[in-house]
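The sequence lines fix the lettering, A, B, ..., with proteins before strands; numbering per chain opens at 1.
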2 protein chains.
Amino acid sequence: MASIKPSVPKGTRDFSPAEMAKRNFIFDTIKSVFRKYGYQQIETPSMENLSTLMGKYGDEGDKLIFKILNSGDLIDQTLLLNFEELLQDLNKKAMTLDLEDIDNEFEDRAEDKKAIWRNVNAKSFKVLVEKYYTAQEAFSLYRKVNANLINTTSEKALRYDLTVPFARYVVMHQNEISFPFKRFQVQPVWRADKPQKGRYREFYQCDADVVGSPSLLNEAEFIMIYDEALSKLGLKDFTIKINNRKILSGIAEIIGKADNIIDLTVAIDKLDKIGLDGVINELLGKGFTNADIEKLKPVILLEGTNDVKLNSLRDALKDSVIGLQGCDELETVFNYIGNCQLINATLELDITLARGLNYYTGAIFEVKTNEVAMGSIGGGGRYDDLTGMFGLKDLTGAGISFGADRIYDVMEELALFPAESNQTTQVLIICFDTDGEKYALPLLQSLRQQNISAELYPAGAKLKKQMDYANNKQIPYTILIGSDEMQSGLLTFKDMVSGTQEKLMAEDVVARLV
Amino acid sequence: MASIKPSVPKGTRDFSPAEMAKRNFIFDTIKSVFRKYGYQQIETPSMENLSTLMGKYGDEGDKLIFKILNSGDLIDQTLLLNFEELLQDLNKKAMTLDLEDIDNEFEDRAEDKKAIWRNVNAKSFKVLVEKYYTAQEAFSLYRKVNANLINTTSEKALRYDLTVPFARYVVMHQNEISFPFKRFQVQPVWRADKPQKGRYREFYQCDADVVGSPSLLNEAEFIMIYDEALSKLGLKDFTIKINNRKILSGIAEIIGKADNIIDLTVAIDKLDKIGLDGVINELLGKGFTNADIEKLKPVILLEGTNDVKLNSLRDALKDSVIGLQGCDELETVFNYIGNCQLINATLELDITLARGLNYYTGAIFEVKTNEVAMGSIGGGGRYDDLTGMFGLKDLTGAGISFGADRIYDVMEELALFPAESNQTTQVLIICFDTDGEKYALPLLQSLRQQNISAELYPAGAKLKKQMDYANNKQIPYTILIGSDEMQSGLLTFKDMVSGTQEKLMAEDVVARLV
């Protein structure tokens, strides 16, 4: 046992002190901006009821939810109590069924725990009375029993994102909440994705959402939040792309293909990679006509400033009520932003932006840095019915998210983490024996009283070991207290970066470090 | 579906903005003190391999670990591949076995997955050839299949505490770490305990530990960390109790009952509640003699200052080498502390303190507030072999923990949360139409440029609604911009606490709030 090399589950990570300092710098910066814009922090439990999460992320998402086993006795108590009675029933019933019927019934009533058990046990019994089962049958039986057990032994799962728990929170606490409710949340989420470079099974999400306010001022403020937070992190050149779901609907509408909006946007989204001809070929392949494509061209090839693009769009979408509504919404956001100044962000209308079409109903955002090659470092949008899934209708919401892991990688590549972000000890006091320790303790305490992060290396270690400790921990200053220093009262104060050292009285050392 | 009232799993909690602000105040304060003493933050994954956690917390602890289901196909792939082959083997074998044998074999080889399957399938087959199974047998079979499935379908579990993951971290990263390694960690842990008042299934632990340093300076610094952090949180009167495992061993040794140290300490621990007579009765009941008790009395009834107690202990333990070693260790810690000043803490030698006897080998700490009735709000100690469980021997560790939930309750009861800890918006700008919005935006931006947390309520809401919003969110100031204000340039600035309001130019409002 003891010789097994310990490891962490695949797709998860430890964060060292140096990494934590950098991550804290990112999160603290973003949080401070959220707060400045009136967003308030909440936290929700890591576990949610399975019923809260299932069915909210599509079939693929459901599979990626990490389920937690019920604790204690793993057998559903109700099933246990009824087991004998049930079994007699089933056995009777099974005599008259053949395997086909059982399979069919199994499929039809998969939601019903008792029905599942009935089938499994009936099938076992059927097998039994036939005095024979093939390996294949046994295998299939096992799979079903397995699947059923899972259903009866897990009622909780790990949070998959922050949005669904937030919706649940809003519905549960609706009577305590003063709307519009502006909340931010920075917590880990878990996904059973295949781990690969840059994709983890546990990672932090960093979201701000507002519910209960249809005003486009919120969208404008999201742009300012991105601008301020990313600028504060040191990013100099990044683009906040904005689009509106209503414009995409309008585009589909003017060519009479409202139902094909997904095919359309998937194709247009590839413009960057495959060029206009590629997009046209893909559209033709999906059943769009040449006439459709002629109508689409001016939209796809939109160029110029945001105002020029917006004018071209208005022209192209003049026959679509919803399309023009999308244009109005974008214009309102641009007007808000026109009244302010962006620090380092470029705001760009990009009608090829089509993320989250399943849930976004208005604005769509995506943020990209122009300094290094990297996927989006943020995204968001407006969703008109966030809390409907939990029975609270007609609450509109809008939100954005920061991709902390990617922002970390960008900042690392551009060397943007300031030295001050390293939350390490400021000064190490070095001594050699218990006399030195006794001499050092009052100094140590007065340093800390001045809010200076300070350490005294316990007596008994050689100078080299203590210096290595300071270097490894990137401690910028050391104070050496040997017998000379104790006699003269002049301590050796060393700048570990420049290597220079000088002799100073204790009080001067403190003054130097404050 | 939609009408199901959403809830959170039992034993878990949402934290509202007001609660988060208070929790952040506690955690930020403690973290800042940890940092000041040279402790650095790490984080470990929420999930650990089951093999990392199991067997580390005793049988009771193992049961309280939340296990996570493997994602994807729930059937162990190796088992699948071998299933047909296995089954044929098993069927052959089963013909010659009777149920008794199978049961016995099952018990003996429970660790071996294949053996488990062999038994289960053999038993199924046995049942099969007998053309009959009773409900009882089927039930027992089901239990076994169930248990086996669980074994093959979960390899990960949620962190149960921060200590075992820390030990795992140290072993995995030993080559990057510069010892002594002083780390702190503030993360949630999960326990499948029966939820009750004040006991949750998800709660934060807040730990500082040092590994690789036997110096008692660490113990002294833990006392100073408790003192400083709790004083900063506003606690005025609290006791840091200290004991030493070696003293407890010495006490058991002098009466020749080293093996009965648990019975002894459990009884002494009740002195407060049941008095000396109660303790004596309990000891007599556990097989201690009257002669033992005569020897124990001076120890149990220890009184006076820490120095006086220590002298009495030295006298009582004069024949126990280990006991005297414990006295020496305590004295060293007292000497360190004697060189400093405690702010609000009382340090008290308490030989009835006996927490963590299974792992602590030296100092034992416990912290209690004297201002309200509450269990311990902190605890810790030294453990000589933290990382041995993962194969890295001879690394001594010591650590402390803050009980954040209880500290929260104490602070709430004593109204210790400062108003500044409420991380809310500083000022709300109130306007009524889009003209007002446009007028307000530059002011909003200049407030934020001065780092003032500010909000503009989107146009279109009545004054009362906006005032309610400010009150509910406990926003201390509002700026009202109506048509008069826009004409005159004199804005209505209101102190929401005192209710006073005055007319100020925009720049004066900003100056007032900076």
Side-chain angles (χ1 to χ4, degrees), chain A residues 2-3 6 8-9 12 14-17 20 35-36 38 40-47 49 52 66-69 71 74-75 83-84 87 128 135 138-139 146 149-150 154 156 168-169 171-172 178 188 192 202 213 215 217 339-340 390-391 423 425 438 441 445 448 453 455 458 469 472-473, chain B residues 2-3 6 8-9 12 14-17 20 35-36 38 40-47 49 52 66-69 71 74-75 83-84 87 128 135 138-139 146 149-150 154 156 168-169 171-172 178 188 192 202 213 215 217 339-340 390-391 423 425 438 441 445 448 453 455 458 469 472-473:
Chain A
S3 62
V8 295
T12 70
D14 285 325
F15 295 111
S16 70
M20 278 307 297
R35 287 206 179 92
K36 203 199 262 194
Q40 293 186 305
Q41 189 172 17
I42 69 162
E43 281 188 2
T44 62
S46 303
M47 303 172 173
N49 291 323
T52 299
F66 274 116
K67 298 178 188 67
I68 298 164
L69 281 171
S71 54
L74 292 163
I75 301 169
F83 195 86
E84 288 204 31
L87 198 74
L128 181 99
F139 170 70
N146 191 344
L149 276 174
I150 299 318
S154 171
K156 294 179 289 294
R168 195 263 312 139
Y169 178 98
V171 175
M172 265 181 78
S178 178
E202 172 177 51
S213 172
S215 169
L217 178 60
N339 275 309
C340 307
F390 298 116
Q423 304 161 318
T425 301
K438 199 171 286 177
L441 275 173
Q445 201 171 30
R448 288 174 178 160
S453 163
E455 286 182 72
Y469 179 83
N472 288 335
K473 214 166 167 174
Chain B
S3 62
V8 295
T12 70
D14 286 323
F15 295 112
S16 70
M20 278 307 297
R35 287 206 179 92
K36 202 198 265 196
Q40 294 185 304
Q41 190 173 16
I42 68 163
E43 281 188 4
T44 62
S46 302
M47 302 172 174
N49 291 324
T52 298
F66 274 115
K67 296 177 190 68
I68 297 164
L69 281 171
S71 54
L74 292 163
I75 301 168
F83 193 85
E84 288 204 30
L87 198 72
L128 181 101
F139 171 69
N146 191 344
L149 276 175
I150 299 318
S154 172
K156 295 180 288 294
R168 196 261 313 137
Y169 178 98
V171 175
M172 264 181 79
S178 178
E202 172 176 51
S213 172
S215 170
L217 178 58
N339 274 308
C340 307
F390 299 115
Q423 304 162 320
T425 301
K438 199 171 285 176
L441 274 173
Q445 202 172 32
R448 288 175 179 161
S453 164
E455 284 183 73
Y469 180 82
N472 287 335
K473 213 166 166 174

Between the main-chain N or O of Arg448(B) and the side-chain N or O of Lys36(A), is there a donor-acceptor pair closer than 3.5 Å?
yes

Is there a donor-acceptor pair under 3.5 Å between the side chain of Lys473(A) and the backbone N or O of Gly38(B)?
yes

If I measure from the heavy atoms of chain A, does [X] come under 4.5 Å with its side chain, its backbone, both, or neither?
| X | answer |
| --- | --- |
| Ser16(B) | both |
| Ser213(B) | side chain |
| Glu202(B) | side chain |
| Glu43(B) | both |

Part of Gln423(A) within contact of chain B (heavy atom distance under 4.5 Å)
both

Pairs of heavy atoms under 4.5 Å with chain B: top-ranked of Leu441(A), Asn49(A), Val171(A)
Asn49(A)

Please determine, among Thr425(A), Leu217(A), Thr52(A), the option with the most heavy-atom pairs under 4.5 Å with chain B.
Leu217(A)

Please give me the minimum heavy-atom distance between Pro6(B) and Met172(A), naming the atom from each residue.
O-CG, 3.2 Å

With rounding to the nearest 0.5 angstrom, report the CD1 to CZ distance, Ile42(A) to Phe15(B).
11.5 Å

